[in-house]
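Heads up: the structure comes next, in structure tokens.
All of these numbers come straight from a predicted model, not from anything done at the bench.
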Amino acid sequence: MAVKLEPMTSAASHWVLTFVCDDKPGIVHAISGAILAANGNITESHQFSSEDTGRFFMRLQIEASSARADFEAALKPIAEKYQMEWVLDEVGRRLKTLILASKAPHCLNDILFRQRSGQLAVEVPAVFANHPDLGSMAEFFGVPFEHHPITDNGSKLAFEHMLRDYIKSAGVELIVLARFMQILSPEFCAEFEGRIINIHHSFLPGFKGANPYAQAHARGVKLIGATAHFVTPDLDEGPIIEQNVVRVEHDDSKQRLVEIGQDVESRTLTQAVSWFAEHRVLLDGDRTIIFS
């Protein structure tokens, strides 16, 4: 359920509040009262009760004239009473996002373009890639690029060790695999679970291997698509954030399928990143709640 309300007319801070807790009576009333006590005004509201898990999910955008510390103080007793997992952030704050890539340029180009044009609430401090091919693209958008070859298990372990250090030192909040053609270790995936988003070509039927578009063309598929999902230790089985499909025709060439597929991959990954950056993605076990 989504409700949009009129904003306050006076200058105020604009916050986004998300929380998850066990579903119980009185939650909405309690949180609304706390917001009112903090001189806040709700400008957008989404909520969902999961019958499967018994959990309650809510996302609010709030204008408040009080300081952040005072606003948090008003919310804390309610969060403790209902044992909420909650996050308070500034609406529109640019989320620090590290991109991992290989050779394919389409997903990286879309994210960097939309970041620079102000369409995507992320700040990309760097692009790391296991091939040097995309260095000029990152340079064009003014983003630092680092080439880290991965040739064996030893170099992969060294790469992940470097990644851990960089993520912590740079304050990285999200890691995006923009067609990064490497499998991260289960340990790394588990450590940053819920913070890594991958894009995967999803065909009906599914084709695995290095050239899925050629397989799709040979089988005469009618739909091709893409799935953006969280990365977990189980390869390509993480909670799904966004999916898109496009109808194709029998006379589309293999190259045309590649072009269509790359376009849908880019749009799907960027949408998932946008929703995550705006705190619109909440986890409910193995699935996601998307407050779009």
Side chains of [X] and [Y] only: does a donor on one sit below 3.5 Å from an acceptor on the other?
X    : Y    : result
E237 : T232 : no
D152 : S155 : yes
H279 : D89  : yes
T43  : H14  : yes

Should the pair [X] and [Y] be assigned to parallel (<30°), tilted (30 to 60°) or perpendicular (>60°) ring geometry?
X    : Y    : answer
F159 : F128 : perpendicular
F113 : F141 : perpendicular
H201 : Y213 : tilted

What's the spacing between [X] [atom1] and [Y] [atom2] if we round to 0.5 Å?
X    : Y    : atom1 : atom2 : result
N244 : L269 : CG    : CG    : 11.5 Å
Q182 : H148 : CD    : NE2   : 13.0 Å
N39  : S65  : CG    : OG    : 4.5 Å
T18  : F57  : OG1   : CZ    : 11.0 Å
L134 : L108 : CG    : CG    : 5.5 Å
I224 : H217 : CD1   : NE2   : 11.0 Å

For this session: In plain terms, say whether E242 and R267 are close enough for a salt bridge, that is, a side-chain N and a carboxylate O under 4.0 Å apart.
Result: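 R267 and E242: not salt-bridged.
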
I need the minimum non-hydrogen distance between [X] and [Y], along with the two atoms involved.
X    : Y    : result
H46  : S292 : CE1-C, 4.4 Å
G40  : I62  : CA-CG2, 4.0 Å
I241 : A272 : CG2-CB, 3.7 Å
L282 : F19  : CD1-O, 4.3 Å
F230 : G194 : CE2-O, 3.4 Å

For this session: Report yes if the side chains of S13 and W15 come closer than 4.5 Å at any heavy-atom pair, otherwise no.
Result: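 Of all side-chain heavy-atom pairs linking W15 with S13, at least one is under 4.5 Å.
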
For this session: Let me see the working for S117 and Q119 under side-chain hydrogen bond (donor to acceptor under 3.5 Å, both in side chains), right down to the final yes or no.
Result: CA-CA 6 Å; S117 63; Q119 300 176 40; 3.0 Å; yes

Exercise. Within the distance-only criterion (no hydrogens, no angle test), does the side chain of R179 pair as donor or acceptor with the backbone N or O of Q262 below 3.5 angstrom?
Worked result: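 Not at all, since once roles are kept as given, no pair shorter than 3.5 Å links the two residues.
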
Exercise. Between the side chain of D263 and the main-chain N/O of I260, is any donor-acceptor distance below 3.5 Å?
Worked result: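 Flag not set: sc D263 to bb I260 has no pair under 3.5 Å.
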
Problem set entry | D22 and R55: CA distance, side-chain angles, deciding distance, salt bridge (Lys or Arg N to Asp or Glu O under 4.0 Å) verdict | CA-CA 4 Å; D22 290 339; R55 303 282 277 171; 2.9 Å; yes

For this session: Evaluate the salt bridge (Lys or Arg N to Asp or Glu O under 4.0 Å) criterion for residues E44 and R59: first the C-alpha distance (whole Å), next the side-chain angles of each, then the deciding distance (0.1 Å), finally the verdict.
Result: CA-CA 8 Å; E44 185 176 329; R59 179 189 185 276; 3.5 Å; yes

Exercise. Apart from V16 itself, which Ile, Leu, Val, Met, Phe, Trp or Tyr residues share its cluster (side-chain heavy atoms under 4.5 Å, direct or through members)?
Worked result: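 V91, listed by chain and number.
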
Problem set entry | Counterpart residues, side-chain contact (heavy atoms from CB on, under 4.5 Å), relative to K81 (two or more places apart) |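 K81 satisfies side-chain contact (heavy atoms from CB on, under 4.5 Å) with no other residue.
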
